[in-house]
Each structure stands twice: as structure tokens, then as C-alpha cells.
Protein chains: 2
Amino acid sequence: MTVTAPQQVAPAGPLDALKRRLNLISDLGAAQGLLSWDQETQMPEDAARVRGLQMSSLAGLSHHLLTSDETRALLEAAEAVDTGQLSEVDVDLLRVTRRDFDKATKLPTAFVEDVSQARNEAHHAWIKARADNDFASFAPYLERVLSLTRQYAELIGYDQHPYDALLDDYEPGMKTAHVRQIFADLRERTLPLLRSIVAAGDATDYGVLTRSFPAAAQRQLSLKVAEEAFGLLPSFSRLDESAHPFQTNFSADDIRITTRFDEHYFPMSLFGTWHETGHAMYEHGVSSELERTPLARGASLGVHESQSRLFENLLGRSKAFWQHYFAELAQAAPEVAAGQSAESIYRAVNRVEPSLIRVEADEVTYNFHIMLRFELELALIEGELSVADLPDAWNAKMQEYLGVVPDSDSEGVLQDIHWSAGLIGYFPTYSLGNLLSVQLLEAASQNPEIAAGLQNADYAPLREWLRVNVHQYGRRHTPAQIVEGATGQPLSADAYVKYLFEKYAEIYGL
Amino acid sequence: MTVTAPQQVAPAGPLDALKRRLNLISDLGAAQGLLSWDQETQMPEDAARVRGLQMSSLAGLSHHLLTSDETRALLEAAEAVDTGQLSEVDVDLLRVTRRDFDKATKLPTAFVEDVSQARNEAHHAWIKARADNDFASFAPYLERVLSLTRQYAELIGYDQHPYDALLDDYEPGMKTAHVRQIFADLRERTLPLLRSIVAAGDATDYGVLTRSFPAAAQRQLSLKVAEEAFGLLPSFSRLDESAHPFQTNFSADDIRITTRFDEHYFPMSLFGTWHETGHAMYEHGVSSELERTPLARGASLGVHESQSRLFENLLGRSKAFWQHYFAELAQAAPEVAAGQSAESIYRAVNRVEPSLIRVEADEVTYNFHIMLRFELELALIEGELSVADLPDAWNAKMQEYLGVVPDSDSEGVLQDIHWSAGLIGYFPTYSLGNLLSVQLLEAASQNPEIAAGLQNADYAPLREWLRVNVHQYGRRHTPAQIVEGATGQPLSADAYVKYLFEKYAEIYGL
């Protein structure tokens, strides 16, 4: 584990000038983030058109500031400073800035504009295609996005596989071959578990999840737990409503999360809020030393997802959690708790059932939704699968992994926004995050105080461990460095598989 | 009245390039506005430190974009286009952009930084001095602000009086001599009225204003009236709470107003909301042709205040308004309305009483608070009055105009934020706005449909008149052009004096 060295006295000139530039770019990024958060949570509807122009205008300015000759000169001058005279943080800052700068400058402006245009058109075509259940109308737009994505990989460059270049945007340093190997292992070891669970059948009554629970009371309980158990304080965060839940932040002490409420399905807001709280606590835990620099955010989507899943699933869906919080639930929603117990709520929120929609999937089936998408993305990028054949390939894999096949493409290949937005290489990070969440918790639990806390829903010792071992570094370390630093092992499916078997064998009496 | 000409086919090059630049500067301004609105209404408290850095960083970028050589070159190239080939809007755009550019570039960077620093220090000193009732501790900071303000006037330049250069920032084209003359007239004609009112005494029971009125119900009534009477729709606006009420906007269809609630003094939120609604409707009414340019906002603080005062006072404190809305008040707050009538509420919300605090002053006394400040500012700028003598001068004028003297400087010379923030030349615009509000309403009322509407609290015809005669122009016309265009007369105290005499002679039986 690298420890942050005290700031050394460095020649002030070139590095400080670069930092001022990076601060400005970061500040502009914060403003863009706020424009976007406001659009999703606060903005009056008629403002949408001009807001779109404003956001695209500032995105252009941001890109210009990062890629300008002035930034290049400042970066080169700072890189010319003798490394021995720099603090460790500054060395990391220069490395990550160089990485960002090179990526941003590898793409010709005309290409960036083409991509933006193609994604925008594809996104609108997808909305319509999903509503009309008409994949064919979306196909040409997806073709165009794919073609530009292949060009993107060539422009960025890669050693082994073009998909490496895509993955690297979301999970720096992660390789396609490694994901393939981890996923193959995960598939082989958890498919039998899933089949046993399905075969075992289930006598639990899930009706409790749909009992009436007023939105205001859901909000209050979500936030009480987020604060008391997970450390999300109102002094540095706020919770709003939006159509799709997300976390964003404009500094480590200015965190915004969103959720949505269904008065007849309370898990949506509760687990949704705790999921975003995981993201929030990661960003809040980044060292203030890194503030207003490109290092001041989470290392990758996978590491981020490990934090959200840890709070949402490993803690929020644990038996000890409900033994502690059942009383709070009963107070917040007497109608929900009537005739229930900690044990029955625990079982209800851990129902395993193969289903069509990824975002509604449980801990056992979720990763199969991801493996399916990863395999299809690879086949598309490699040219082994045509866009025209995508719906059939989707349905065949759904049958193979989950034993269910959608009646319509809207509930199948058209369900996610990602491909229409050009986010190819993004899906695997969800599962990498799931795996990492358990690997981190297993490592942390070696500490007796943390292990004891888990039994009493006292997560303060665990949160401190996560802050020290994961959060504080921001982007200073790669995901692989974080995983090995915190757990002593490279990322693997081992811990996750063990967790699933133990938890679900007990629930389903296998 | 100038009417907007249809867009002519102009040589696209230089002007379009300048417009793109101005769009970007405007978009950045919108982002800065949002950062500020968010800070006042939504932001978690711990975010304040970094938010301050972000805002100051973007302010620097904005200033840089406006004053850069690139902007100068774009402006000069656009100015070289034959005016005959430009639309009227474009001619106005070039003139106002040149004005903004020249003002911004007249100030050396070091001077701008000194001013920013001095204001910041003075602001903090003022907060402390007001809390401690210790003018002497604030005096040196005010000295420094004054000295820089005098330098500012010299750098910007003026023909007759250094105060002209200050006034021009808030009320373009307005001269000190003109304000002096208007205020002298106003003072001479309304001081006798005030004295008669005070002498007449008053048997009204004002206790009704402090009856319990839950904040949620105040909010609902404020917004219902703002929408129904004044045209503020939720599709382009929203209302939040903040310590000090304000209006801001990020486009004509993205308007934010704020208010504050006192459950035992409902006029604060009701009239406060309708005041900000006047500002809001002005910004909403600016022609969409001007969007994302420096023309796309109100012409001056005075014209702005005329709109807010018109809604708050001339409509919201009129008898016809309460004859219409008393029933709504009774429904929203039965406890307030018990034993009351439209007439009694009308009298209660129009109480005239000399008092110490400007922001709590009524229609008759308010302008005396402003005249006092204007006269003291002039004396300070001219060097006729020293900062050390300011509290005594304040108290003497309070005695002279209002017959009341504060027990402490905190309730006297230290009550307003303006001087600590370097806002010298700003106060007169409040009274200019008051005068203009009545002058505009008098002119509009020549239209029988508008006059009839005023009797039934149907303000749609008036709003349309204001949109056509005032709002749509944004900054295309100077305040003087707007006043003369809309009323056929230069700004004067005539209409206001007449209004006060008629209204208050009736209320106080003079």
C-alpha cells in the first residue's frame, strides 16, 4: 500500500501553472455537472431547449481548455521537472493528466462531432424503437454507432483487442481477456446454483414488498439509514427525485443523489437510495488534497459499483441489517411490517427469480444479464455478429442463461439506454463491481472490529476501512492497484461465488 | 417606438463568429448564475468553501473570454460590416457589446483584483460590525472601498460627475443631475403628505398581519396569485426559499425566484413572491430573438424594479386586488380572514409608518430611505463627508425625513449590505423604479381594456402591454428610451406623487 508522502518543496513555476489550469477545467466540469443535475431534478420543463445549447456549448469549451496548445505547453513544462522533486501526489497528477490529455487529443474534432451527432440520433431512434417495439428501425443507427466505436478503438489504440480501448474508458487498465476469464469462471460456478434455486421452488410470500408505503415515509427511512448506517450526512449531501436514479457531485462535500418512489414497491427507493449512497460515500471519501484536480473522483466505474453494491446488497440485504432495522421499518410503515419479521423481510428482499429486465435482477441472476451483454458486444465489435441478428442472439442467450425469453424486443435487446448512447464496454463494470464488493468486504472482515460491526449493523469501522483503502486515492491508483492494495489479491470471482452459495443455500434450503 | 425589423440577409462571417463567442459567454454566465442560485437555495453547507473557489474561477474565465484579444478582433470585424446590411437587433447587439467590452477592458487586472479583495474584506467586516454594533471597526474597510470606487469612476470616465460613472453601471444613461432633480421634486411634494399621515393618526388594527398562517398555505396562495394574476407559470419558473429573496434566470424560460416565510407575518412571503414575480415576468418577456446574447436581460435595475413594484404594490396592494382575492385569502388562511374584509386587509397591508429599516418601509416612506442614502453617497464621493461622520449624518437625515432615529448603528447606517459590497450608485434605482412603476401604469391605463382589467384583477391585458412596451426589448433600448417609448414622457415624480396622494388621502381620510 502506497502511503501519501508529505508535500515536498517543488519548483513552483510550471507545476503550479498547470494546476491552476486543471483547477479551472475541474471548476468548469463542476458547473457542467450542476447544469445536468439541475436539468434532471429542478429545472422547469420549458427550459430544456436552451439548457441543451448551454450544456453543449460548455462541453466544447471544456474540451478546448483541456486539449489546447496552452495546456500542452503547461503539461510538457511540468513533466520536465525532475520527478525526484515532486510529491507522490504530483507524480500521479502528471501521469493521469497526460493520460486524459492524450486520449482527448487523439480524436480529431470532426470525429468527435460525428460521434456526438450519431449518438444523439441513435438515442432518439432508440426511444422511439423501444416504444414501438421495432428493432429494425433502430438497427441502422446502431450500425453507425458501432462503426464509429470501432473507429474510436483504432484512433485510441490497443495492444490485443479493440474492446480493450473501449473498456479502458470505464475501467482503466482492465483487459478484455481478463474480463473473459473472470466471467467464464463466474458463469461456470454460479449457473448450477441458479438452477438449484429455481428447482428448489419457493414458498415465500412476496406480497409484502407491494404493500402501501407513503413516499414521504420511504424518503425518511431511506435517509435515516443512509445517515446512521452509511454515514451520508445532510451537511455534505442531498437527496432529490429523478426519473433515473444517479449520483453526481461538484466537490467531495457537495454530493447529490437521486431516487424514485413507488408507493407500492418500497424496495425501489430504499435500495436505490442506499446504492447511490455507496457512490456518494466514495466521492466524499476522496482526499481533499486532490480537490479540483482530475484525480478527485472515483478510480473507475467498477470500483464505484463495488461501493454502491456493498451498501445496497452486502449490507442492505443482509440478515444482520434487517435484524437491526426491522424495528425502524415497522415504525416508518406499520402496514408493511404487520405480521412480518426481520427474517421474512430479509427473505423477501432477497428473492431470486430469472427475469427479463437487468435493472430489476437479483444478486444471483444479475451477472448473467451482464455476461450476455458483454458477449454480444464482443461479437459485434469483432464482426462475428451482425446487428440484424442481434435480437435472436439476445433471446438465445436469455434462454441459455436464465431460461426466460422476452415476448418483445422492448423487454429484450432494446431495454437499456447504453448502446444507443454509444456506451459500449460499459456493461462489464457492473459485474466487476459486484465481484469486487464481496472481495473487499471479505478482506475488511479480517479485522475483528469490522466483523463485529457487521453483526450489529454498526458500519463505522467498515466505512473507515473503505475510506483508507479505497476512497481516499481517487484516481491516483488504477482499479487493479486498489484491488490488490486493499485485498492482497487480483480481482476474481472467488469471494462472490462463495458469498452467493452461503447466502442462498441458507435462504433456499439447498 | 422602434419596431423590430425582420432579420435581413447579412454577410454571415464576422457577425456570426462574434455571436458564437457571445453565446458562449452568455452560457458561461448562465452556469455562474446556476452555481449562485444553487448556493442560496439547494447546496449543502459544507460545500461552501469549494463553491466559492469555483465561482471565482469561472468569473475569471468569463472576464477573460469577454476581454480577450480574440473577442476584440471579432468585435472589430463585425463593426466593420456596413450597418445598412445589418438588422436592427444586430446594430443594437454591436452597440451594447461594444459598451460592455469597453467598460470591461478599461480596468487593469490588478485593479479588478484589488476591488474584489477590498469588497470581500469589507463584506466580512460589515457582517461583524453589524452584529457587534461597531461602526468604527467597519470604517477603514469602507474608506478603502470608497477610495477604489473613486478610482473606478476615473478609470471608467464621466462628463459631469464621478457618480455618473457609478450610476451608469446600474442605470445606463442616467445622470446624477437628473436623479438629484427628480428626488428634490419627490421630496418636496411627498414630505407634506407623510407629515399629514403621521398627524392624522390611525385606528386600524394591524394585528391581522401577525395572525398564524402556515408556510405551506402561504406558499400555495403566493403561487396561485403569481400564476393566475401575474402569469408566472411553473412550466418556465420555480419558487424556492432563501435567506434573502431574489430573482435569477438562466434563460427566458428558466426563471428562479425565492421568498421567505414567517408564519406570523404573511406579507413577507406574499408581497415578496409577487415582487420577485415582477422581475421574473420581465426576464420571461424578453424577446427570444435575443436569447444567449448580452441583450437578453432587463435594461436596468430601475426598469426592473418598476416591474417588481408594479406587481407587488400597484396591483398587490390595490383595493381591487383584495376585493378579488380576499376570498382566496379566506380559503387559504381562515384564521387570518376571521372578522376581516377586503377593505380591512387592504388597509392593513398599506399601513404607513416611519421606521428605521428600508426593506420594511411602506410606499410613502420608502423613497426617503433611498434619498438619504443617495445624498450620503454623493457627499462621500465628493469628499464633503468623511466616513467617520457618516453615522451622525445618517441619524440627522433620518430625523429630518422620517422623524425617527436608530438606537444603534446596526439599525441605522450598518443595516444594508450594499456599501460593504461596493454597490455605490445602486440605491437610487430602487426609487427610480418606484416612480417608473406608476408612470407606466398610468400610461397603460389609457387603454380601456387595461383600465377595466385593473378593476377586476384581470391583469392579462396589462401584462401584454408591458411585454410589448417594456419586456421584449431586453437591453436593446436604454431605460430612457423605454420610458419615453412607453409613456411618451421622460421619467418624473409626477405620476407617483399623484398616486400617493389619491391612495393615502382616501385611506387616512386626509
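A, B, ... follow the sequence lines: proteins, then strands. Residue 1 opens every chain.
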Nearest heavy-atom approach of A:Ser251 to B:Val50 is CB-CG1, 3.7 Å
For the candidates B:Gln32, B:Arg49, B:Met55, which exhibits the highest count of non-hydrogen atom pairs separated by less than 4.5 Å from chain A? B:Arg49
Sort out for me which of B:Pro234, B:Ser237, B:Ala252, B:Ala48 touches chain A most, counting heavy-atom pairs under 4.5 Å. B:Ser237
Is the number of heavy atoms from other residues, nucleotides or ligands under 6.0 Å of A:Gln220 CD greater than 12? no
Do other residues, nucleotides or ligands put more than 12 heavy atoms under 6.0 Å from A:Glu76 CD? yes
Which portion of [X] sits near chain A, non-hydrogen atoms under 4.5 angstrom:
X        : answer
B:Ser235 : both
B:Glu45  : both
B:Arg51  : side chain

Quick one: does [X]'s side chain get under 4.5 Å of [Y]'s, heavy atoms only?
X        : Y        : answer
B:Gln42  : A:Thr41  : no
B:Leu233 : A:Asp46  : no
A:Asp38  : B:Asp38  : no
A:Asn23  : B:Leu53  : no
B:Leu35  : A:Leu34  : yes
B:Pro44  : A:Arg256 : yes

For the atom pair CG (A:Asp27) and CG (B:Leu61), what is the distance rounded to the nearest 0.5 Å? 9.5 Å
Working to the nearest 0.5 Å, report the span between CD of B:Gln54 and OG of A:Ser26. 6.5 Å
A:Arg292 versus chain B, the contacting section by heavy-atom distance below 4.5 Å: side chain
Heavy-atom pair count under 4.5 Å with chain B, highest-scoring of A:Gly60, A:Ala30, A:Ser57: A:Ser57
